[in-house]
Amino acid sequence: MEKEKSQAELLKDKLFSDKKNAYLVMDDKEIDEVYDFCEGYKDFLTKAKIEREFVTETIARARKMGFSEFDKNRKYAPGDKFYVLNRGKAVILAVMGSRPLDDGIRLTAAHIDSPRLDLKQHPLYEDREIAFFKTHYYGGIKKYQWSTVPMSLHGVVIRADGSSVEVNIGEDEGDPQFCVCDLLIHLADEQMKRPANKIITGEELNILVGSRPFKDDKASELVKLNILNILNEKYNIIEDDFISAELEAVPAYKAVDIGFDRSLIGGYGQDDKVCAYTQLEAVLETENPAYTCVSVFADKEEIGSMGNTGLESSYLKYFIMRLAEAHGYRGIDVISATQALSADVNAAFDPTFPEPIEYRNGAKLNYGVAVTKYTGARGKSGTSDASAEFMGKVRKLFDEANVQWQTGELGKVDAGGGGTVAMYLANLDIDVIDVGVPVLSMHSPFEVTSKIDTFMAYKAFKCFFAEN
Ligand code: MN
Ligand code: MN
């Protein structure tokens with residue numbers, strides 16, 4: 001027989017916070033659904049490694065689900081679905097709601113760019129009969145993590161005549177791959193004395209691309225010549241075409257299950273494709289919402305959201321203003337009434353490196369999607385600190401929809417810091433809070449997330465869109 005609870009125990013039940021590991025709360029049927037959902041995520045993550053590929057895949061799926069290209073002069077009916085493409089590197093999906101537009105939009109925003117090695121504009125060179133690409137890393141990386149990793153090459157080249165060619169090499173079975181080399185430990189005495197941020201320097205992130213010379217003993221740089229010849233035959237490009245190219249080297253491996261229990265996902269670029277994919281699923285499944293639902297898939301977050309495909313730019317604002325105008329509303333009224341979830345990842349607590357995260361307030365694996373009231377650094381510098389009222393609204397919404405969620409502060413007060421697109425949405429007079437998946441080894445070539453947390457992000461975005 002169960003012992004009767006003491007008065008203190010009963011009072012604790014009533015008053016104490018009782019956030020639990022989501023596995024202990026969910027039934028097996030729902031956990032099966034979680035694992036199934038993540039199969040689709042792993043596929044997508046493997047297929048869409050860079051922002052352009054994410055956009056292409058997103059538009060293909062959206063069109064299949066009845067989305068058509070946004071027409072700024074058209075009056076849309078409730079339930080209509082449309083998208084706006086921004087320069088092939090960012091995209092907005094929208095589903096028209098039945099409420100008047102000036103009741104505001106339900107907006108989610110994730111980014112689809114991830115840290116990587118971009119090729120410089122004059123990338124190809126030969127050094128002592130070995131050919132390399134010079135790179136310029138993109139986003140915040142621990143540079144030493146990016147050597148000795150098999151890499152693939154993705155992007156686009158614009159030729160002198162204006163025609164373009166897409167590049168994707170190193171992903172398919174049988175494709176050659178590339179890598180940055182490191183010094184053998186036997187001869188690394190001096191290198192190992194360098195500080196960690198210089199073990200591999202930016203100018204040492206050179207990608208090995210070949211070693212076989214073109215057969216001729218008269219000319220020099222025969223290895224480089226041979227590479228250019230191969231590229232010319234395959235892509236019809238010449239050396240100067242690299243000037244008008246965006247080529248990105250990323251880890252070449254597929255997303256996989258991690259752990260004997262397959263509870264985790266390992267893969268490249270989960271910051272922030274784990275949130276982008278989950279918001280994509282949520283918006284694609286949204287039918288006849290009350291509020292107009294919009295998801296933006298933004299580029300350039302990893303370099304501060306700068307540039308015309310990043311959320312510091314006005315393209316989202318312009319879209320909402322055009323939409324408002326076509327339906328007889330003032331854009332600013334629609335924007336000011338809009339509520340948003342900034343869908344970005346958070347740091348997951350890692351027991352091997354407990355120091356920089358204050359456990360009580362850090363995000364934990366399997367505790368569900370993390371709601372982050374503020375990010376920033378030091379004294380909350382460089383962040384949007386969501387209001388108690390908006391936090392309260394989101395809390396109630398997620399609780400009512402049975403979303404497993406937790407709060408997550410990005411590390412200890414003075415441990416470092418970071419930001420998301422939340423502040424740029426807040427600058428538009430939008431209520432916004434960060435909601436996303438905790439990640440281990442964030443910004444490394446192989447990031448790890450929890451399947452349950454990933455599924456809960458999807459569930460969170462779905463219930464946000466389903467508000468009436
Ligand atoms: Mn991010
Ligand atoms: Mn990031």
Side-chain angles (χ1 to χ4, degrees), residues 41 44-45 48-51 54-55 89-91 107-118 137-143 145-146 248 250-251 255 265-280 295-307 309-313 316 340-348 350 356-357 362-363 369-377 382-384 386 408-411 415-426 432-450 453-454 457-458 460-461:
Y41 169 51
F44 204 89
L45 195 58
K49 288 203 175 165
I50 68 164
E51 61 289 340
F54 200 103
V55 165
K89 295 193 282 186
V91 62
L107 173 71
T108 67
H111 67 92
I112 54 176
D113 60 318
S114 302
R116 61 185 189 241
L117 304 181
D118 283 346
Y137 65 94
Y138 172 96
I141 61 169
K142 289 177 164 178
K143 293 181 273 277
Q145 291 179 332
W146 292 72
E248 307 173 8
V250 298
I265 300 161
Y268 161 72
Q270 299 204 66
D271 173 10
D272 185 31
K273 295 182 194 83
V274 67
C275 296
Y277 178 78
T278 45
Q279 81 168 16
L280 173 62
S295 280
V296 54
F297 302 80
D299 182 27
K300 297 284 182 268
E301 193 278 341
E302 295 297 358
I303 56 168
S305 294
M306 301 298 160
T309 52
L311 270 187
E312 259 270 69
S313 139
L316 175 66
L341 303 182
S342 160
D344 205 347
V345 298
N346 201 321
D350 183 344
I357 291 181
V369 67
V371 180
T372 303
K373 190 170 176 291
Y374 49 84
T375 56
T383 187
S384 156
E409 188 173 283
L410 183 62
T420 66
V421 300
M423 55 187 149
Y424 307 117
L425 300 176
V432 58
I433 195 162
D434 280 300
V435 173
V437 177
V439 179
L440 289 174
S441 305
M442 196 200 291
H443 280 211
S444 79
F446 195 72
E447 299 173 318
V448 175
T449 55
S450 135
D453 301 340
T454 300
Y458 156 72
F461 303 140

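Counting starts at 1 for both ligands and their atoms, in listed order. Worth knowing before you read on, the calculation uses all heavy atoms, side chains too, and leaves out hydrogens, waters and symmetry mates.
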Is Tyr137 close to Asp118 at the side-chain level, that is, under 4.5 Å between some pair of heavy atoms? no
Listed pairs under 3.5 Å, donor-acceptor, residues 433-442 side chains, sequence neighbours left out:
{"unit_1": "Asp434", "atom_1": "OD1", "unit_2": "Ser342", "atom_2": "OG", "d": "2.5"}
{"unit_1": "Asp434", "atom_1": "OD1", "unit_2": "Thr420", "atom_2": "OG1", "d": "2.8"}
{"unit_1": "Asp434", "atom_1": "OD2", "unit_2": "Thr420", "atom_2": "OG1", "d": "3.0"}

Just by distance, do the side chain of Thr372 and the backbone of Tyr374 share a donor-acceptor pair under 3.5 Å? no
Using a cut-off of 2.8 Å, find all protein N, O or S atoms closer to the Mn ion (ligand 2) than that distance. Asp271 OD2, Glu302 OE1, Glu302 OE2, His443 NE2
With sequence neighbours left out, what residues match Ile265 under side chain to side chain contact (heavy atoms under 4.5 Å, CB included)? Cys38, Tyr41, Lys42, Gln270, Thr449, Lys451, Thr454
Holding to side chain to side chain contact (heavy atoms under 4.5 Å, CB included), I want the full list of residues that pass it with Ser114, two or more places apart in sequence or in another chain. Tyr268, Lys273
Measuring centre to centre across the rings, with the benzene-like ring taken for any Trp, is Phe54 within less than 6.0 Å of Phe44? yes
